[in-house]
Amino acid sequence: LYIYFLGGIHLEKLVITGGTPLKGEVKISGAKNAAVAILPATLLINGVCTISNLPNISDVKIYCEILESLGAKISWNNPNEITIDTTNITSTDAPLDLTRKFRASYYIIGSLLGRKGSVKVGMPGGCKLGARPIDQHIKGFEALGASVTVGQGNICATAKKLTGTSIYMDITSVGATINIILASVLAEGTTIIDNAAKEPHIVDVANFLNTMGADIRGAGTDTIKINGVKELVGNATYSIVPDQIEAGTFMVAAVASKGDITLKNCITKHLESITAKIIEVGGIVEDFGDSIRVYCKKRPHKANIKTLPYPGFPTDMQSQMGVILSIAEGTSIINESIWESRFQYTEELNKMGAKITAQGKTAIFEGVNELNGAPVYASDLRAGAALIVAGIVAKGTTEIYNLEYIDRGYENIEEKFRNLGAKIIRVNDDEKEEYTC
Ligand code: EPU
């Protein structure tokens, strides 16, 4: 046991006074996981493009810095739209300090390999969800003709020429599917990806690239065919798909707080597995195609959940649904089949009075009548979102720390919740704090 001081360190926290049912309308932002793939995809364009409905989040800002360091010229037209000129890519060496900050920096590999035949990036970082191998990405690049070396803390890939081929993915991987698409768009001949992931953001990346001049077919199914083209010319505007996980987070908040929320700017088809669970726990859903109303007047019921690749229930909604199950009537089970360490939030919910036992990939939720406010720590992006919902539902005051995780993926989150009636403020706590560990 030792004690140390963080004198004068800038600590930010969210302070939430719980107990208000959320009511009103919220506009869903563009999808983070589409944005962090479409930004590096611009490296394939020998020209200019405009991206709108871009979520204003820290992952996007870091990506823009990385692109600028590689020679891209970026101008912000408004907080959710940028114009990028990638005519002159002057470097293939992505700054290690930036690429290490998040997972999606691995898309630089596919993009620069495709455009320049050479790339060096720092080992991708990101939320700590357990082992996050990239063997399927590397398998794809090598099949296309690249040579890849994984060194101390970085990855280098080179290719004199990339040639289309058939690639069977051993695991359904969002990142590997997109990365192989990126590497093969300018390759010679046709690439076929079998057992591809089918998430909406994969379709969005393919639609973006096709708008800029690529020839990609079948995105959204498990077989994607990419006919290599000579050049992407750009000269077009593309609007990013709405974020289905942000939408799901507000749907959960409506049910957990016994509120009534209408979500605008969403594609309800992408929300089907989430909607089904919301209805199973007792939420009432009115689906209008591009908007959705969710309300609930009573205590939620128990439900069992197994996370699966799309169109299954998304792992990125697991912790938010866990908040509903922690206060539901009866005992529920969640089986997490994608990430091995995604139950860290359950310890924080237990600090708030929940009764959750998590072991390995399974967690058992014995529903309690209420949660009580407590100081809690976000362990990853979605855990942070779940804790906000828990704070809104709990009796008393909740303080949430580690906001950098939440800011990576949710645009203006406290403002959006505040507009729905939540009592939530962000506090900069510059005072001397004492920690024990
Ligand atoms: N996997 C491998 N080898 C690989 C790639 C993946 O074994 O080469 C395994 C992973 O360990 C995992 C499974 O395959 O068990 C699925 O991983 P996937 O590659 O699909 O995940 P990812 O591309 O790294 C994206 C999202 C995650 C989301 C997952 C699953 C981005 C930037 N990240 O990660 O989003 O959880 O897909 O849907 O798109 C989040 O937004 O909070 C987040 C973590």
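Numbering of ligands and ligand atoms starts at 1, following listing order.
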Have a look at ligand 1 and work out which part of [X], if any, has a heavy atom under 4.0 Å from it: side chain, backbone, both or neither.
| X | result |
| --- | --- |
| T315 | side chain |
| R382 | side chain |
| L381 | side chain |
| Y106 | side chain |
| A176 | neither |
| I338 | both |
| Y310 | neither |
| R342 | side chain |

Closer than 4.0 Å to some heavy atom of [X] - which atoms of ligand 1 meet that?
| X | answer |
| --- | --- |
| R103 | 24 (O) |
| G175 | 19 (O), 23 (O) |
| K32 | 40 (C), 41 (O) |
| H137 | 8 (O) |
| D316 | 27 (C), 28 (C), 35 (O), 36 (O), 40 (C), 41 (O), 42 (O), 43 (C), 44 (C) |
| Q136 | 3 (N), 4 (C), 8 (O) |
| I171 | 2 (C), 7 (O), 14 (O) |
| I134 | 4 (C), 8 (O) |

Going by atom types alone, do [X] and [Y] pair a side-chain donor with an acceptor below 3.5 Å?
| X | Y | result |
| --- | --- | --- |
| T307 | E336 | yes |
| Y238 | D204 | yes |
| E411 | N80 | yes |
| S29 | K416 | yes |
| T50 | T83 | yes |
| T249 | Y410 | yes |
| S58 | E404 | no |

Centre of Y106's six-membered ring, under 6.0 Å away, within 45 degrees of the axis: is that where NZ or CZ of R103 sits?
no

For E68, does the CD atom sit with more than 12 other heavy atoms under 6.0 Å from it, leaving out its own atoms?
yes

Step through the shown structure and confirm whether more than 12 heavy atoms of other residues, nucleotides or ligands are within 6.0 Å of NZ on K351.
yes

A143 to I167 - nearest heavy-atom pair and separation:
CB-CG1, 3.9 Å

Which pair of heavy atoms, one from N350 and one from K355, lies closest together, and at what distance?
OD1-N, 3.7 Å

Between A37, P133, A34, which one has a non-hydrogen atom sitting closest to atom 11 (O) of ligand 1?
P133

Out of D135, N33, V174, D170, who is nearest to atom 32 (C) of ligand 1 when you count heavy atoms only?
N33

If you measure from each heavy atom of P314 to ligand 1, is any distance below 4.0 Å?
no

Contact (N/O only, under 3.5 Å) between Y107 and ligand 1
no

